[in-house]
Each structure stands twice: as C-alpha cells, then as structure tokens.
There are 2 protein chains.
Amino acid sequence: MLPGRVLSIQSHVTFGYVGGKAATLPLQLLGWDVDVVNTVNFSNHSGYHRFGGVKAKAHELTEIFSAMEANGFLRPSRLLTGFIPGAESLLVVSDVAAKLLEEYPQLIWLLDPVIGDAGKVYVAADVIPVYRSMLPKATIITPNWFEVEVLTDTKIEDPTSLRKALKILHTTYMVPNVVVSSIPVKPWLVEFMPSDIRLRADEGEDALLCLASSRTEGADSTAPSRVHAACVPLVPGYFSGVGDLFSALVLGHFDPAPGAPTSPGSPVSRAVSFALTKTHAILLKTAEYASSLPEDERYPTDDDRDAEDPGRRIRRMRGRELRLVQGQDILRGTGIGELRTMTEWVDFWA
Amino acid sequence: MLPGRVLSIQSHVTFGYVGGKAATLPLQLLGWDVDVVNTVNFSNHSGYHRFGGVKAKAHELTEIFSAMEANGFLRPSRLLTGFIPGAESLLVVSDVAAKLLEEYPQLIWLLDPVIGDAGKVYVAADVIPVYRSMLPKATIITPNWFEVEVLTDTKIEDPTSLRKALKILHTTYMVPNVVVSSIPVKPWLVEFMPSDIRLRADEGEDALLCLASSRTEGADSTAPSRVHAACVPLVPGYFSGVGDLFSALVLGHFDPAPGAPTSPGSPVSRAVSFALTKTHAILLKTAEYASSLPEDERYPTDDDRDAEDPGRRIRRMRGRELRLVQGQDILRGTGIGELRTMTEWVDFWA
C-alpha cells in the first residue's frame, strides 16, 4: 500500500463545489494525497438544471484503473466512492474495490451510496441493487436518511423502524460503521432522543441530527451496535455538496486505532465529531457570504418563481456554493473553535 | 467578472501532479477559486509511457463552456491555459479566451504554450500555428526555452538570437510579458549574464536561469523590454509538472498594480520571484523525499536500462512526483525562507 493516499472516485464539476471538488481540497489540507477519478466532467452540478459535459463511460474508467494497476499505482490506503452514474460504471468501481480489498484487507473504504434525497431517487433504478451488493465490503457508509430507507426498504417513522433499518445495515449487509448526517428532527425523534444530544438552548430550535452506529469490534454482527449522536443547528437554505464534504472529512479524520482508554467515543464518532464541526462551520461561512450578496442573488428558495425565471435559481445557487477556499482555516482545524463532540446514545437499543 | 476566480484549462491525471493537478492546489492555497476544465482524463502523465484514459473531445469542451456561459459562470478574473491536445480543442479554448477578453478586457491570461521540451515536439504540428495566433491576446506567456525557439522559429545560441527571439514575441506577437524558466546555462549565457544574476558561490555551479521580459507600459511595442532574471541551483533528476506548478504560481502571485515606487522590479518579476522561490523549494523537498526511498525506487535516469525493465522508470518517476500536499507551507509562503528576488538585467539590450 502507498500510505497517505486516498483514491477518490466521484463527479467533477468545473464551477462550484460538489463531488470531487468538495472532497479533494479538504483531504489535501488534511495531508492526504488524493488520486482523483472523475466519473463525470460537467460544467456545474445538475441542481442548476442547466449543465454541459459528459459522463465517463464504464470502459474509460476501466482503462484508467487498468493502467494504474499495471503501473503499481492502484495501492491506496483509503478509498472514497461517491456519485457514480449508471450501474455499469458502478460495477467497475465495485470490482476495483473488491480487488483492492483482496490484496489489502486493511484498506479503509468510505462508501457514500448516492441514490437520492428527500424522497427523490436521482439515479437509475438498477444502481440500487449494485449498491446493496457493495455494502458488505465498505468500512464506513454515509447514506442520507432517504438512502437508508431505500437501501433497507424501510420507511423510518419511529424508533422501531429506525432500529430495524440500522440492524439491516449492520446484520444483513454487514456494514461495520453507518453514519447518517443531516437527519431532520421530527417530533418522534425529539421524543426518542436523550436530552444531552439535543441542541443547547442558545442554539435555536431547528436542528439536524447526526448518527454514527458502529458494530462492536469482534462481537457477533447481530449484537447491538454502539450509537453516538449529535445535533447541529439547521442552516436555512439549500446548499449543494455538503454531504460530499462531510464524507471526505469523515474519511480524512478517521483513525482506526482504538485510541487511548480515556479518549471519548469510538474511532468513527471521533472522526464524525471533526467532520460535523467543520462542515457546520463551512455552512455558516457560506450562508454569511450568501447573505452579503446583492438582493437578486439571494432570493429565498421558491420553485414557482424559479420556474418563471430560470436565472433566479442559478443566481441563488451560485451564491451558495461552499466557501471551501475561503474556509481553509476551518478545514485545517485552526478556525473551528470548540469541537462538537458526539455523545454516546446509551439507551438507543433499549 | 467574478473576482478571485481562475478558469484553468489543462490536463487531469488521477495519480501524480502535472497539469491541473499541479496547478489547482497551489492556486487554492493562495485563495483562488479554481474552475477546472479537464482537457484529458488520464491515469497518470505520459512520461510513465503507460497510461489509460481519454482526451476530452473538442465538442465536449464546447458543451462545458456553453453551459457555463448560459449560466453566467464564464466570468473569471483570470485564465490559465496549459496542455490542450489537438488543434481542434485548442481552437475552442482560443475562442473562449477571445470572447472573455471582448467582454472583460481586464482579464489576465497566462498562456503556457505546451509544445514540447528539450528538442522534442510532443503535440501535433497543426497546434503550433494555433498557439502563434493566440499569443497576441495573452497577458503572460511561459514557454520553455525550446518552445521559444519553435514559436519564434529562431535557434537560440548567442545573445543576438536570444534578443531576436524575445523581440519577435514582444513585437510580432505583441506579448506584453514573456517568462522563460529553467533555461540551461550554457557557456555563452554565463558570459552574457551580469555577475549579480549568477548563483551565489555557496549554491554550487549548476544553475538554471529564469528570465522575465516585460514591454514597458504605454511604450511602442518595438521599444526594448525590461528584463529581469534570476538563477536557481539545478536540482538533479527529472521531475514532471514543474512548469505547470511554476505557471500557476506566477499567475496566482501576479498583481498588475504598478506597486509602490520603492518596490523593486516589475509586476511580473515580483510574481516570478515568488513562483521561482516556491517551485525550487518544492523541488528540493521532492528530491529529498526521492532520495529517502528504497534503492529500487531511486535509480538514476538511464534510458537503456529503462528499456530493459519498464518498471524501473515507473518506480523512479513515482518517487519524483511533486510533494505539493506535503509542501503546503511552502506554497502558502510560510515555509520558504528568503525570497529569490529577480534582478534587473539593465544591459540586456545594450
């Protein structure tokens, strides 16, 4: 293995920060060499509704991986996989991951199963079974709430269904570490959450929950997992690339060593604490910038008015591109203030 | 114009640091948002002899630029163009540059006319006239010694031919700023150089010369240019991506304001002083790393033995990939020590 290298396989956009553009700089700032494979080359992310460029064909990805293997470059210590359009390309990546793991079982793979968000699937339907087949080999997965529902075929609407979904991921799909960020805190969830996980009173009412669930090392896969959680204040407005940034930071900060007996949390919860703190700080910085723009670039989200004037959405979204370059001190960790440490949710399975 | 944005159009490699991979991180560390257009998507640079991936087709580049324009994203304050394979793609980029300059005459364009090196042309012949047609619109060009010879059709072998080549670039091709780095210092050049430009005695004998020649603002294009120069110690061995890093740093540091009356040099010579100092420091760091590798990864360059064992070249070159991630303090400027300030070559035209 080549130490300190992340092989990152995801989308590329020229303008703005999603996919690889949201992941690469943060990882580099943390000291990782990033081997970047672009699964698409687009002008900008598709949320702008108008974009140009092409997807990499499956055989083109194969050619890149084959040449890397022949040259002895396919030996990363970590693997980060994000948006990969189409089942054929995803199968190529799945094969690469399997081959890497066969040669280097200690490879750490963060798999972000990019399927959709907020009730909408935005990949082809045949991608979903491929993701399911990939899950058992990943070290950490970072689905959003909706992706957990799709992958486990479970509508999550109460503690029982949430426990069931996590159990399916840990037991049926054998995933050691599941991290779900940006969970909208519905009333049943507020009631379910222990009070020490809720927002501080001075942080407002609107929160997003982040959960990290880890199978106990060495224990039977059906044993209850260890769950950590934290809430962050909701930053109003829609921002793209947040999940991609978060996943990169989780992988970049993850240290599989068990840590000192006194260090709080689990290896994953410690990484997530950093990722959550930094992602939230970048979002605040981005929102602050967006609110400083001229009025016609900071319209509130309004689908009806966007439909009348497509430029309206574009101007708004442009102002909400993540401020990664301007937030380098945050990403490096010197400008984040107090760490949002995840708390163990002791009674989660009770 | 969107301030603080560089549109960078050059090659992408998954593994290693050439083209966009050598340019993007340094620019980001200097605070620039970089809009990255990938003219190729390769596994690694072609110097390894074995590589996989595809070149972007000209129409694919057009689609990216068209979507960016339609969305109002094609408004960078700076343009950086590097390796663009094929005349058809180069014409697309030339059109984009022309359109940008028409709308924003204050655009600063650094054009690196990637044609070849050390006597070898590594682009198609029809690319050369396209580069010649692009020169008059660039703000700064960064050809290597061989590219100066090709572009001006002048064999440079004495002060007269060197003056002639620079005059052709400034007068025939109307280039305001010509920067030529990594010039091998032949005996006639040692004799021609003023002594205050040579290496310090403690820096050894083997030097590379860097020249920056700027037309005087407002003067007739046939008036003699202002020439600045500096020598840096040669770092033995072959390293890829050095020119791409250097050009990105020149553009990133360039401040077109004339500066305080007391500030030494010209806007370009000041930028080149930073670029030269940082590039040299990165090379030293890379060479130090390469020399720390196991013996079979630090063979000296030897084409005959490489031909017998292709893995030999690959292992050597891999160890000589630029240490950009590890040299972030250098690129940010905190870890460079004393600046190598360019000296004015007062008698250049005498």
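Letters A, B, ... mirror the listed sequences (proteins, then strands); counts begin at 1. This is a predicted model, so every value here is computed, not measured.
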B:Val54, part contacting chain A, at a heavy-atom distance under 4.5 Å: side chain
Which bit of A:Phe51 comes within less than 4.5 Å of chain B, counting heavy atoms only: side chain, backbone, both or neither? backbone
Residue from A:Leu29, A:Leu27, A:Val13, A:Leu30 scoring the most non-hydrogen pairs under 4.5 Å with chain B is A:Leu29
What residue, out of A:Gly72, A:Ala67, A:Gly311, has the most heavy-atom pairs lying under 4.5 Å from chain B? A:Ala67
Measuring heavy-atom distances to chain A, does B:Leu2 have an atom under 4.5 Å in its side chain, in its backbone, in both, or in neither? side chain
Any idea which donor-acceptor pairs are under 3.5 Å between chain A and chain B?
residue: A:His12; atom: NE2; partner: B:Val36; partner atom: O; Å: 2.8
residue: A:His12; atom: NE2; partner: B:Asn38; partner atom: ND2; Å: 3.4
residue: A:Thr14; atom: O; partner: B:Val36; partner atom: N; Å: 3.3
residue: A:Thr14; atom: OG1; partner: B:Val36; partner atom: O; Å: 3.0
residue: A:Tyr17; atom: OH; partner: B:Asp33; partner atom: OD1; Å: 2.4
residue: A:Lys21; atom: NZ; partner: B:Val34; partner atom: O; Å: 3.3
residue: A:Gln28; atom: O; partner: B:Gln328; partner atom: NE2; Å: 2.6
residue: A:Asp33; atom: OD1; partner: B:Tyr17; partner atom: OH; Å: 2.4
residue: A:Asp33; atom: OD2; partner: B:Gln326; partner atom: NE2; Å: 2.8
residue: A:Val34; atom: O; partner: B:Lys21; partner atom: NZ; Å: 3.4
residue: A:Val36; atom: N; partner: B:Thr14; partner atom: O; Å: 3.3
residue: A:Val36; atom: O; partner: B:His12; partner atom: NE2; Å: 2.8
residue: A:Val36; atom: O; partner: B:Thr14; partner atom: OG1; Å: 2.9
residue: A:Asn38; atom: ND2; partner: B:His12; partner atom: NE2; Å: 3.4
residue: A:Asn38; atom: ND2; partner: B:Asn41; partner atom: OD1; Å: 2.8
residue: A:Asn41; atom: OD1; partner: B:Asn38; partner atom: ND2; Å: 2.8
residue: A:Asn44; atom: OD1; partner: B:Asn71; partner atom: ND2; Å: 3.1
residue: A:Arg50; atom: O; partner: B:Asn71; partner atom: ND2; Å: 2.9
residue: A:Arg50; atom: NE; partner: B:Asn71; partner atom: OD1; Å: 2.8
residue: A:Arg50; atom: NH2; partner: B:Ala70; partner atom: O; Å: 2.9
residue: A:Arg50; atom: NH2; partner: B:Asn71; partner atom: OD1; Å: 3.3
residue: A:Ala70; atom: O; partner: B:Arg50; partner atom: NH2; Å: 3.0
residue: A:Asn71; atom: OD1; partner: B:Arg50; partner atom: NE; Å: 2.8
residue: A:Asn71; atom: OD1; partner: B:Arg50; partner atom: NH2; Å: 3.3
residue: A:Asn71; atom: ND2; partner: B:Asn44; partner atom: OD1; Å: 3.1
residue: A:Asn71; atom: ND2; partner: B:Arg50; partner atom: O; Å: 2.9
residue: A:Gln326; atom: NE2; partner: B:Asp33; partner atom: OD2; Å: 2.8
residue: A:Gln328; atom: NE2; partner: B:Gln28; partner atom: O; Å: 2.6

